[in-house]
Amino acid sequence: MRIGYPCINRTIGCNANKTFRLKSYSEDRLKKTIKNNLDCLERILTFNRENNIFFFRITSDLVPFASHPINRFNWKKHFKEKFVKIGEYIAKNRMRISMHPDQFTLINSVRTDIFERARKELQYHADILNLMNLDTSAKIQIHVGGVYGDKRRSIRRFLSRFKKLDSSIKNRLVIENDDRLYSLNDCLEINAEVEIPVLFDYFHNKLNFEIQMRGNYLENTFKTWNSKTDGLPMADYSSQEVNGMRQKHSETINVKDFCIFLEETKPFDLDIMLEIKDKEKSAIKALNSAIKDVRVFSFLQTTSSGI
DNA sequence: ATCGGTCAAGGGGCA
DNA sequence: TGCCCCTTGACCGAT
């Protein structure tokens with residue numbers, strides 16, 4: 001079991017997700033921003049290594065406007081060596097990487113132009129992971145998409161569009177249950193048709209839980225991951241602000257709640273992404289609270305970390 | 001130097 | 001149909 005956090009580190013004082021307005025686009029600006037972001041990514045990974053954090057989500061803003069038509073700069077070639085170097089560090093330290101394209105990336109849109117843009121955006125995410133030479137356990141997670149007034153048809157459209165994707169995307173893509181539209185059940189139904197792992201989102205599942213979901217849904221979800229090619233199942237963990245509105249993520253982790261989650265998932269090994277505002281601070285807290293869990297302990301022993 | 005409206009992109013829900 | 005929400009930070013123009 002690895003424990004990680006997404007995109008931003010608030011401790012070390014650099015941003016790997018620096019971007020700028022489309023209006024101020026220039027190739028020079030783009031180059032400087034990418035360089036800044038890659039340098040910062042290296043620093044974050046070093047910080048993570050020093051703190052026994054072996055799971056990290058790389059921001060989609062690493063290369064701003066990567067799939068936008070305005071961008072004609074060959075950033076892949078220009079920064080190739082840097083990507084290779086970062087990838088070597090990740091592999092050497094047995095780190096796990098994920099990415100999460102944002103809400104505009106819709107495979108199952110009724111509009112084909114939106115699907116085509118989504119395909120380009122997914123290709124950009126796959127390119128990043130490929131440039132780093134990461135194996136296919138480095139995943140790109142998305143939601144199923146919109147319902148468009150007919151869920152059955154929208155699921156079928158997802159399936160047919162998925163089949164059309166390039167294999168470099170397909171072998172990294174995983175679907176995540178969301179809080180309103182597509183439940184864990186829906187994701188499992190899609191998995192029954194095509195081989196796409198289902199990423200378990202604990203908080204979304206609490207908000208969008210189907211009462212007819214019987215049997216061991218955790219087991220059914222985790223077994224959608226092929227241990228040889230996909231690695232351990234990934235799960236997103238977040239919790240609600242005590243007095244907050246629905247969906248509001250909490251400021252820092254509630255260790256007691258997290259331990260309940262660890263208990264619930266006990267028979268299964270997995271990698272956990274903590275979607276919590278104070279990022280690395282909560283990841284370190286969670287790690288400390290789970291240090292006696294055999295899943296965490298045994299992983300750390302394999303990494304020559306000085307625990 | 002500080003403030004805050006707005007940012008590439010979509011979809012759902014509501015008035 | 002038009003406006004707000006989603007998550008969220010931070011860019012950058014206005015002052």
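Only this structure's heavy atoms are used, side chains among them; waters, hydrogens and symmetry mates stay out. In the text below, chain A, chain B and the rest are named by the order of the sequence lines, each starting its count at 1.
At the heavy-atom level, A:I70 lies nowhere under 4.0 Å from the strands shown. Heavy atoms of A:F65 sit under 4.0 angstrom from at least one base atom. Nucleic acid contact class of A:S67 (heavy atoms, under 4.0 Å, all strands): base.
One finds no side-chain N or O of A:N17 lying less than 4.0 angstrom from the OP1 or OP2 phosphate oxygen of C:dG9. Taking only side-chain nitrogens and oxygens, A:S24 comes nearer than 4.0 Å to OP1 or OP2 of C:dC12.
With hydrogens and angles disregarded, a donor-acceptor distance shorter than 3.5 Å links the side chain of A:T136 to the backbone of A:T229. Between the side chain of A:R96 and the backbone N or O of A:S137, at least one donor-acceptor pair lies under 3.5 Å. The backbone N or O of A:P101 lies less than 3.5 Å from no partner atom in the side chain of A:E121, so there is not a single donor-acceptor pair. A donor-acceptor contact shorter than 3.5 Å links the side chain of A:R10 to the backbone of A:K277.
Residue order along DNA chain C, read from the 5' end via each residue's closest nucleotide, puts A:F104 first among A:L22 and A:F104.
For the pair A:R180 CZ and C:dC5 C1', the interatomic distance rounds to 8 Å; values are reported in whole Å. Computed from coordinates, the A:I142 CD1 to C:dC6 P distance equals 22 Å when rounded to whole Å. Put simply, NE2 on A:H143 is 10 Å from P on C:dT7, counting in whole angstrom units. In this structure, A:Y5 places its OH atom 15 Å from P of C:dG9, rounding to the nearest Å. When the C1' atom of C:dC11 is taken as reference, atom CG of A:N37 falls 14 Å away, rounded to whole Å. If you measure from atom CD1 of A:I8 to atom P of C:dT8, you get 9 Å, rounded to the nearest angstrom. Atom CZ of A:R57 and atom C1' of C:dT7 are 11 Å apart (whole Å). Atom P of nucleotide C:dA10 and atom CZ of A:F20 are separated by 16 Å, given to the nearest angstrom.
As rounded to the nearest Å, B:dC3 and C:dC6 have C1' atoms that lie 25 Å from one another. Atom P of C:dT7 sits at a distance of 16 Å from the matching atom of B:dC14, rounded to the whole Å. Here the separation of C:dG2 from B:dA8, taken at their P atoms, is 22 Å to the nearest Å. A gap of 16 Å separates the C1' atoms of C:dC5 and B:dT6, to the nearest Å. Across the C1' atoms, C:dC4 and B:dG5 are found 16 Å apart, a figure rounded to whole Å. Rounded to whole Å, the separation between the P atoms of C:dA10 and B:dG11 comes to 28 Å.
Each of A:I3, A:D257, A:T265, A:L270 was checked for a side chain to side chain contact (heavy atoms under 4.5 Å, CB included) with A:Y237, and the lone residue meeting it is A:D257.
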List, one per line, each side-chain donor-acceptor pair under 3.5 Å for residues 193-201 of chain A, sequence neighbours excluded.
{"residue": "A:D201", "atom": "OD1", "partner": "A:F203", "partner atom": "N", "Å": "3.1"}
{"residue": "A:D201", "atom": "OD1", "partner": "A:H204", "partner atom": "N", "Å": "2.8"}
{"residue": "A:D201", "atom": "OD2", "partner": "A:H204", "partner atom": "ND1", "Å": "3.2"}

For DNA chain B, the dot-bracket pattern of Watson-Crick and G-U pairs whose distances stay under 3.5 Å, | for other-strand partners: |||||||..||||||
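Nucleotides of DNA chain B that come within less than 4.0 Å of any heavy atom of chain A span, from the 5' end to the 3' end, B:dG5 to B:dG12.
Closest contact between the side chain of A:K18 and the listed nucleotides C:dG9, C:dC12, C:dC11 involves C:dC11.
In the hydrophobic clustering of this structure, A:F258 does not group with A:V294; members are Ile, Leu, Val, Met, Phe, Trp, Tyr whose side-chain heavy atoms approach within less than 4.5 Å, directly or through other members. A:L232 and A:F268 fall into different hydrophobic clusters, where Ile, Leu, Val, Met, Phe, Trp and Tyr residues are linked whenever their side-chain heavy atoms come under 4.5 Å apart, directly or through other members. Follow the hydrophobic side-chain contacts under 4.5 Å out from A:I53 and you never reach A:M273; the two are in separate clusters. A chain of hydrophobic side-chain contacts below 4.5 Å, direct or via other Ile, Leu, Val, Met, Phe, Trp or Tyr residues, connects A:F162 to A:M99.
Aromatic rings of A:F73 and A:H78 (six-membered ring for Trp) have centroids within the 6.0 Å cut-off, being under it.
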